[in-house]
Each structure stands twice: as C-alpha cells, then as structure tokens.
Amino acid sequence: MGDTATAALDSTQAVADALVKNVLENRRAGNDRLMLAAAWADMHQVPPGVKDGEHPGAEGTPEVARFAVEELSVLIEKHVHAGRQVVADALNLRHRHPRLWARVQAYEVEAWVAAQTARRVAAAGLSAVQARWVDEETAGALAELPVGRYFTVLDAKVIEADQALAEARRGEAMQRRFVRKTRLNEHGLKGLYAMATFTGVDTVYATVDRAASILML
C-alpha cells in the first residue's frame with residue numbers, strides 16, 4: 001500500500017477497518033499456504049518404501065515424492081528446508097491434529113500458532129494416537145486463552161500424554177548441563193554461559209552477582 005492508497009483513508013474508522021482487513025488477509029494467506037501444501041502433498045504421495053519418497057511429517061502422515069518438496073520450495077520461494085517444514089506442518093496438522101486443522105481451514109487460528117503446536121508435539125516424539133489426544137485436550141484452551149498461556153497448557157498436555165517419554169527426555173537434557181567461559185573479546189572481557197535447571201541458573205547468577213558486589217567494594 002503506497003502513499004496514494006493511504007491518502008484515501010481519511011478517517012480513524014477507515015484506517016481501523018483497513019487494519020482489520022489486513023489482519024484477516026494475512027491470516028487467510030498463512031492458512032491457505034498450509035492447505036495448499038497439504039493438497040500438493042496429496043498429489044505427490046508415494047507408497048512406503050519407494051526410493052524417491054520421503055516422510056517430512058511425523059508418525060501417522062503419508063510419504064511424498066522427494067522432488068515434490070523441492071518443487072514446492074521453489075514455488076513458495078523458500079529454501080528446501082523451509083519448504084519441507086511447511087509440508088510437515090500441513091501433514092502433521094491434518095493427520096495428527098484434526099480439531100486444530102479444522103480451525104485452520106475455518107481461519108479461526110493463526111497459521112504460526114497451529115504450526116508451532118504441531119512442531120512441539122512432533123518434537124516430543126508423541127505417536128499419532130497421543131497427538132490426537134493432545135489435540136482433543138487443548139482444543140478448548142486455544143479458543144479461551146491467550147497464546148502464551150495456551151502453549152503452557154499444550155506443553156503440560158504433551159508431558160501428560162507420555163510421562164515416561166517426557167521423563168526420559170528430561171534425563172537426557174539434564175546430562176547436557178554445563179558452565180562455559182566465552183573467548184576473550186577485543187575489550188579484554190570474557191563471558192560466562194550456563195545451561196542448567198532454573199534453580200541452578202538462579203543460584204549461579206546470585207553467586208556471581210554477590211562476588212561482583214564484593215569486588216566493587
């Protein structure tokens with residue numbers, strides 16, 4: 001929209017209406033991309049085990065021809081990794097989150113919220129059955145809560161869906177705790193980077209802060 005177009009918006013109400021229209025158009029564009037990616041995948045499905053096939057989605061989603069992902073990436077002017085993610089999001093939503101997918105189709109939810117939901121569930125390693133349970137359990141939360149609180153509920157339900165798997169992943173994460181010094185920079189300063197539990201980080205921060213206060217006396 002250029003200066004000529006905005007000049008026609010001569011009242012507060014006109015600008016407000018244009019902003020609302022812009023929000024709806026952006027939502028429609030994002031959701032349409034997911035639906036078109038799903039349709040594209042349908043047109044390029046391959047039987048399991050075919051050499052030129054790949055499985056961009058999580059468990060319960062179909063395989064698609066490898067060249068199809070590459071072609072879609074060109075069409076949407078994205079790197080092939082980004083194109084593959086769009087296809088994965090679409091297939092994960094349709095096959096593993098049917099209630100959320102219906103809301104995507106009805107333009108009732110932002111594409112990025114839906115995609116992030118599918119990614120979090122897939123990254124947790126949940127099966128298709130478990131993903132559908134999470135979908136059922138969180139459908140109301142998305143309609144009633146702000147996005148940030150919705151994701152908090154989602155993460156809790158992901159853990160509840162497979163507590164043994166969640167505990168195993170937590171154990172793996174705990175093994176990756178560390179404290180590391182950064183390199184000396186051009187100003188003669190070094191940094192300290194820590195990865196730990198939130199209580200551990202708070203303890204390290206308080207200790208360093210206390211030491212710094214003493215050194216400044």
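Put simply, CZ on Arg132 and NE2 on His95 are 9.0 Å apart, with the number rounded to the nearest 0.5 Å. Here the CD-OH distance, from Gln116 to Tyr150, works out to 9.5 Å after rounding to the nearest 0.5 Å. Rounding to the nearest 0.5 Å places OG1 of Thr117 at 7.0 Å from NE2 of His97. One finds the CD atom of Gln105 at 10.5 Å from the CG atom of Asp32 (value rounded to the nearest 0.5 Å). To the nearest 0.5 Å, atoms NE2 (His55) and CD (Glu63) are separated by 6.0 Å. Separating the CD atom in Gln130 from the CD atom in Glu160 is a distance of 11.5 Å, to the nearest 0.5 Å.
Residues Leu145 and Val158 are members of separate hydrophobic clusters, defined by side-chain heavy-atom contacts under 4.5 angstrom among Ile, Leu, Val, Met, Phe, Trp and Tyr. Both Leu75 and Val64 are members of a single hydrophobic cluster when ILVMFWY side chains are connected at heavy-atom separations under 4.5 Å. Ile76 and Met35 fall into different hydrophobic clusters, where Ile, Leu, Val, Met, Phe, Trp and Tyr side chains are chained together by heavy-atom contacts under 4.5 Å. Hydrophobic clustering places Val80 together with Leu72 (ILVMFWY residues linked when any side-chain heavy atoms are closer than 4.5 Å, directly or through intermediates). Residues Val23 and Leu19 are members of separate hydrophobic clusters, defined by side-chain heavy-atom contacts under 4.5 angstrom among Ile, Leu, Val, Met, Phe, Trp and Tyr.
For the pair Ala131 and Val121, the tightest heavy-atom approach, listed with the atom from each and the gap, is CB-CG1, 3.8 Å. Across every non-hydrogen atom of Val46 and Gly53, the tightest pair is CG2-CA, 3.7 Å. Scanning all heavy atoms of the two residues, the minimum distance from Val134 to Lys157 falls at CG2-O, 3.9 Å. Nearest approach of Ala115 to Leu93, heavy atoms of both residues: N-CD1, 4.3 Å. Counting all heavy atoms, side chain and backbone alike, Ser73 lies closest to Gly83 at OG-CA, 3.4 Å. Shortest non-hydrogen contact noted between Trp40 and Ala68 is NE1-O, 2.9 Å.
Panel note: side chain Trp133, backbone Ala161; no donor-acceptor pair is recorded below 3.5 Å. Side chain of Arg96 to main chain of Thr61: no donor-acceptor pair is present (N/O by atom type, distance under 3.5 Å, no hydrogens or angles). Although no hydrogens or angles enter the test, the distance criterion places no donor-acceptor pair under 3.5 Å between the side chain of Thr138 and the main chain of Ala141. With hydrogens and angles ignored, the 3.5 Å screen pairs a side-chain donor or acceptor of Asn31 with a backbone N or O of Val104. When atom types are taken as modelled, the side chain of Asp135 and the backbone of Leu100 share a donor-acceptor pair closer than 3.5 angstrom. Between the Arg84 side chain and the His79 main chain, no donor and acceptor come within less than 3.5 Å of each other. Without hydrogens or angle criteria, Glu59 side chain to Ala128 main chain gives a donor-acceptor distance under 3.5 Å. At least one donor-acceptor pair under 3.5 Å links the side chain of Asn92 to the backbone N or O of Ala58.
Among the candidates Asp89, Leu91, Val86, the single residue satisfying the side chain to side chain contact (heavy atoms under 4.5 Å, CB included) test with Pro56 is Leu91.
Side-chain contact between Asp42 and Arg94 is present, with at least one heavy-atom pair separated by less than 4.5 Å. Between Glu54 and Phe67 there is no side-chain heavy-atom pair separated by less than 4.5 Å.
Classified by interplanar angle (parallel below 30°, tilted 30° to 60°, perpendicular above 60°), the ring pair Phe151/Trp112 is tilted.
By the neighbour-count criterion of 12 heavy atoms within 6.0 Å, atom CD of Glu77 is sparsely surrounded, having that number or fewer from other residues, nucleotides or ligands.
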